[in-house]
There are 2 protein chains.
Amino acid sequence: MAAPLPVPPGGSRGRRARRPSGDDRERAILATAEELLGRRALADISVDDLARGAGISRPTFYFYFPSKDAVVLALLDRVVEEARASRAAALRRAGDDVRAGWRGALEAVRDTFLAHRALTTAAASLLPTSVEVRALWSQVMEQFVAETAAAIEGERARGAAPPGPPARDLAVALNWMDERVIHATATGTTPALAEDDLLDVLLTVWLRTVYGGDGPAAAPG
Amino acid sequence: MAAPLPVPPGGSRGRRARRPSGDDRERAILATAEELLGRRALADISVDDLARGAGISRPTFYFYFPSKDAVVLALLDRVVEEARASRAAALRRAGDDVRAGWRGALEAVRDTFLAHRALTTAAASLLPTSVEVRALWSQVMEQFVAETAAAIEGERARGAAPPGPPARDLAVALNWMDERVIHATATGTTPALAEDDLLDVLLTVWLRTVYGGDGPAAAPG
DNA sequence: ACGGTACTCGACACCCTGTCGAGTTGGTCG
DNA sequence: CGACCAACTCGACAGGGTGTCGAGTACCGT
């Protein structure tokens, strides 16, 4: 018996209980969604499409998910978890080397989201409308920001980084930059960076922001 | 069979011709949209709401705009123009002082978009679905990026800024950062910066990125 | 064999969009 | 003045999507 779902506070999204055959259906819906998202935009996919693809009727779909959005949210949950794990592994690997840690973390996140462009795009399209997606995303960004801020403070404490605006503020700016640039690149929004330049460019901004001073004063007018 | 549409390249979108009374209606629709966006999300506003608000029937609405999105696009057009103008003025005011120019430009853009939060949010919610909104936004960002890149190259040429990644790549990253952080702040998305800190923090990242070196080498691994 | 729970779906009520065609109005011209 | 035409208006319709309800069916443990 798969336990009654160890859903953390914030409540279960999805269906009520677990049953053998039902699990397959749920997976089929998820798989169909992933597959269709590879072809068209979320807005062009109806609940009926999802249901048909999973071999069930539309009303039955609602037994498994409360809405189309909930399916994307479930998918996003998985990808976010993957990103988190892969990023954490990179940080662990880098040990005390903060710069290497940032490089590895950025690489991990970039790879995860580029590998799931379709989902990334769909999730982005839900941000304006879905509180749940927004909450999940906020939570992820919040974690990244907190970790970044802590690292910056560490570098400042050991004298490696100069003082400046609150570490958290810099962390907020840098992490949103990463998010947006990766997103633009993943979806082909112009202007964007070439995929191969992402890491180098973003990392340069991070390092200069954290370690660089403000340079020489402006030239007299 | 779409009508010939005498639309000059990139020109006015909206209805076909000009007539006295019709202009009032068009304005009424725009005004209603702006007003309603102050209360609820775009997705919760129907064409009927817009029509009623403007004192016309739903079919009549379609005489003036091809869709709800087109109304937002028209509104966005105005705000973007305002941002452009105000930004250009700031740059002009700063003359040769590149740093002052960036500060003024950022301030102008920030003020414009914070002053139109509702519209900003609505436009953002259309980005995933509307090609037109995407195109308009891309065009704006492209202009900002091009100008930024040119300025960076100028600073490098006169020896004020150190070399590094292509100026354009840095410009892309920095401008998307501004966009995203301003947006997060305007919509209350967490994590975000306090409105009063926006300018200082973003400008610090810009200056350090453009003028700062990469700091001392990493601690030996 | 029986009762319950998981699951299924046809049918329905709604809401929204976009269009069509039959008007109405107001300015212009013979 | 009247007749015309373009601008404008809207009732009615068709179509497509969502979410729900209630009447089933399948399978479990007892």
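Below, chain A is the first sequence line, B the second, and so on; all start at residue 1. Quick note: numbers below take in every heavy atom, side chains included, and nothing from hydrogens, waters or symmetry partners. Computed from a prediction, not measured in an experiment: that's the story for all the values here.
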**OP:** Could you tell me the separation between the CZ atom of A/Phe63 and the P atom of D/dA26, rounded to a whole number of Å?
**Re:** 16 Å
Subject >> Salt-bridge contact B/Arg168-B/Glu142 (side-chain N to carboxylate O under 4.0 Å) >> reply: yes
Subject >> Electrostatic pair A/Arg78-A/Glu81, nearest N-O below 4.0 angstrom >> reply: no
Original post:
How close or far is atom C1' of C/dC15 from atom CD1 of B/Ile45, stated in whole angstroms?
Top reply: 16 Å
**OP:** Send over the distance from A/Arg25 CZ to C/dC9 P, rounded to a whole Å.
**Re:** 7 Å
Original post:
Nearest-Å distance, CZ (A/Phe61) to C1' (D/dT18)?
Top reply: 11 Å
Subject >> A/Asp24 CG - C/dC7 P separation (whole Å) >> reply: 11 Å
Original post:
What is the distance, rounded to the nearest whole Å, between atom CG of B/Asp49 and atom P of C/dC15?
Top reply: 12 Å
Original post:
Under 3.5 Å, is there a donor-acceptor pair linking the side chains of A/Glu179 and B/Trp176?
Top reply: no
**OP:** Could you tell me the separation between the CG atom of A/Asp69 and the C1' atom of D/dG19, rounded to a whole number of Å?
**Re:** 13 Å
Original post:
For A/Tyr64 and C/dT8, is the shortest distance between a side-chain N/O and OP1 or OP2 below 4.0 Å?
Top reply: yes
Original post:
If every non-hydrogen atom of A/Asp49 is compared with every non-hydrogen atom of A/Asp44, which pair is closest and at what distance?
Top reply: OD2-O, 3.9 Å
Subject >> Stepwise side chain to side chain contact (heavy atoms under 4.5 Å, CB included) test for A/Val71 and A/Phe61 >> reply: CA-CA 10 Å; A/Val71 177; A/Phe61 167 93; 3.7 Å; yes
Subject >> Contact residues, residues 51-60 of chain B to DNA chain C [heavy atom, < 4.0 Å] >> reply: B/Arg58, B/Pro59
**OP:** Report the distance from atom OH of A/Tyr62 to atom C1' of C/dG10, rounded to the nearest whole Å.
**Re:** 15 Å
Original post:
Are a donor atom and an acceptor atom from the side chains of B/Asp69 and B/Thr129 found within less than 3.5 Å of each other?
Top reply: no
